[in-house]
Asker: 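Handing you a structure now.
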Protein chains: 2
Amino acid sequence: MARTQGSHSDITGPRIQTAALRLFAQHGYAAVSMRQIAKEVGVQAGALYNYTPDKQSMLFGLMRGHMQDLLATWRGQDLPVDAMEQLRVFTGFHIRFHLERADAVFIAYMELRNLSPENFTEIETLRGQYEDALEMILKAGVDQGVFHVPDTKIATLAVIAMLNGVNTWYRAGGRLSLDQVEAIYWDMVHKVVAPN
Amino acid sequence: MARTQGSHSDITGPRIQTAALRLFAQHGYAAVSMRQIAKEVGVQAGALYNYTPDKQSMLFGLMRGHMQDLLATWRGQDLPVDAMEQLRVFTGFHIRFHLERADAVFIAYMELRNLSPENFTEIETLRGQYEDALEMILKAGVDQGVFHVPDTKIATLAVIAMLNGVNTWYRAGGRLSLDQVEAIYWDMVHKVVAPN
DNA sequence: GTCTATAGGGGGATAGAC
DNA sequence: GTCTATCCCCCTATAGAC
């Protein structure tokens, strides 16, 4: 992975990641060959192994990178003190972050079964940490009496599932602007946690 | 496909479908070989071609069968006249139907990109018909003034995405009974469409 | 309807030259 | 760091015997 001599390492490495991300998202990990990835980058298949020990590591690296990026970016957000406002920030953040990385999101959900057991566990741990971030907000709101949910864990998963759905239908330049999408989902999300 | 002579056709056919369903769901269409399917059924790989012209048709048949089953079963439900009650029936129906067919549901969402363009169009048409069934309920409720949603199409997709999430975490014998799950999701779904 | 055998093509990964 | 060449394996699908 590290750069050695005056080589193309620092240029080829990122290009391999970009190509793999796109191809895995489009055709699926199992359906994409190392030769296809190499062709898209413009090198021979053997050269890929200067950057990854095997195909599985490429997949894992992409997924872990995405999840770490997600967590780090969320943790860098300035959060208001009010639980309702925190939830609003989370809703907008989640929609925009995921729409901007459609390929990585797709892979992170669809290719879990192609991870080795150890790699799977690590990705699930990261995903759990992100879910915990939302659940903390919901719990705080329930404690403050501003939210009512029958089960904070289920509500967490329900909200995330609902928001993830945006990626399946949203297309830039479509019927709705990003601001409109955000407003529509905020309307629905805030009602999910509203008192009856 | 049709039975010919006193053969095993009527027994092998369903067993092939069952094996393919399970293996595709577990490992993914592209990662499963015809030899694996044949082995699970207890025949040689060549014998599979008495039941399907090719691997792609096996996938398509499974997905179309699932979607047609879903639509036919929904259309066979007795529906109350009240939109709120219709939504309650839909919520319970969707959760139970999908949990009972976890493998088929998984395939129907994950393997869309492995369908040929024509096959993809047909599956998407069926999925659209199911979504329309829910949107009709939401529109009726909005017209009657009992529901408020900013956008019935988006609300339809949001509710279905939320309900589909159940399949990713529910396990029989877990913390919550099926009745509890249904009650929790009904609480959230009915609030999504509630007036502000 | 099922079998064996095989055609014809790719697959992941490595070796060694440059 | 990249290339060419290659090992060895598995793939889908078909042909022809039974």
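Computed from a prediction, not measured in an experiment: that's the story for all the values here. Chain letters run A, B, ... following the sequence lines, proteins first, then strands; residues in each count from 1.
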Asker: Could you tell me how far apart B:Ile37 (CD1) and D:dC11 (C1') are, to the nearest whole angstrom?
Answerer: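 Nearest whole value for this atom pair: 12 Å.
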Asker: Determine the contact category for A:Val41: base if any of its heavy atoms lies under 4.0 Å from a base atom, sugar-phosphate if only primed atoms, P, OP1 or OP2 are that close, otherwise nothing.
Answerer: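 Counting heavy atoms under 4.0 Å across all strands, no contact is made by A:Val41.
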Asker: Going by an N to O cut-off under 4.0 Å, is there a salt bridge joining B:Asp151 and A:Arg175?
Answerer: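 Looking at B:Asp151 and A:Arg175, the cut-off is met.
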Asker: Nearest whole Å is fine: how far is D:dC9 C1' from A:Met34 CE?
Answerer: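 Distance check: A:Met34 CE to D:dC9 C1' gives 17 Å.
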Asker: Does one side chain, of B:Tyr109 or B:Asn164, offer a donor that lies under 3.5 Å from an acceptor on the other?
Answerer: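 Note: B:Tyr109 and B:Asn164 side chains meet the donor-acceptor criterion.
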Asker: Would you call A:Arg113 and B:Glu111 a salt bridge, using N to O less than 4.0 angstrom?
Answerer: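 Looking at A:Arg113 and B:Glu111, the cut-off is met.
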Asker: Rounded to the Å, how far apart are A:Asn50 CG and C:dC18 C1'?
Answerer: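 Checked: the CG to C1' distance equals 14 Å.
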Asker: Does a salt bridge link A:Asp143 with A:Lys139, judged by any charged N lying under 4.0 Å from a carboxylate O?
Answerer: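 Between A:Lys139 and A:Asp143 there is no salt bridge, as every charged N stays at least 4.0 Å from the carboxylate O atoms.
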Asker: Measure CG/A:Asp54 against P/C:dA13 and give the value in whole Å, please.
Answerer: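 Whole-Å distance recorded here is 5 Å.
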Asker: Can you measure A:Leu23 atom CG to C:dG11 atom P for me and round it to whole angstrom units?
Answerer: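 That distance rounds to 12 Å.
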Asker: Tell me: CG of B:Leu48 to C1' of D:dC11, nearest whole Å?
Answerer: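 About 13 Å, once rounded to whole Å.
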Asker: Would you kindly give the CD-to-C1' distance between B:Gln44 and C:dT2, to the nearest whole Å?
Answerer: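 From B:Gln44 CD to C:dT2 C1': 9 Å.
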Asker: What I want to check is whether an N or O donor and acceptor connect the side chain of A:Arg35 with the base of C:dG10 at under 3.5 Å.
Answerer: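 Donor-acceptor pair under 3.5 Å: no.
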Asker: Reckon A:Ser33 has a side-chain N or O less than 4.0 Å from the OP1 or OP2 of C:dG10?
Answerer: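 False: A:Ser33 side-chain N/O out of range (4.0 Å or more) of C:dG10 OP1/OP2.
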Asker: Considering just the side-chain nitrogens and oxygens of A:Tyr49, establish if one lies under 4.0 Å of OP1 or OP2 belonging to D:dT2.
Answerer: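 It does not, given that no N or O in the side chain of A:Tyr49 lies less than 4.0 Å from OP1 or OP2 of D:dT2.
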Asker: Using a 3.5 Å distance criterion without hydrogens, assess whether the side chain of B:Ser57 forms a donor-acceptor pair with backbone atoms of B:Pro53.
Answerer: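 Here the side-chain-to-backbone pair does not exist.
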Asker: On DNA chain C, does the nearest nucleotide to A:Gly46 precede the nearest nucleotide to A:Ala31 from the 5' side, or the other way round? Give the residue.
Answerer: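 Looking at DNA chain C, the more 5' nearest nucleotide goes with A:Ala31.
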Asker: Nearest whole Å is fine: how far is C:dA13 C1' from A:Gln56 CD?
Answerer: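 In whole Å, C:dA13 C1' lies 15 Å from A:Gln56 CD.
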Asker: Report yes if a side-chain nitrogen or oxygen of B:Thr12 is closer than 4.0 Å to either non-bridging phosphate oxygen (OP1 or OP2) of C:dT2; otherwise report no.
Answerer: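 Affirmative; the distance criterion is met.
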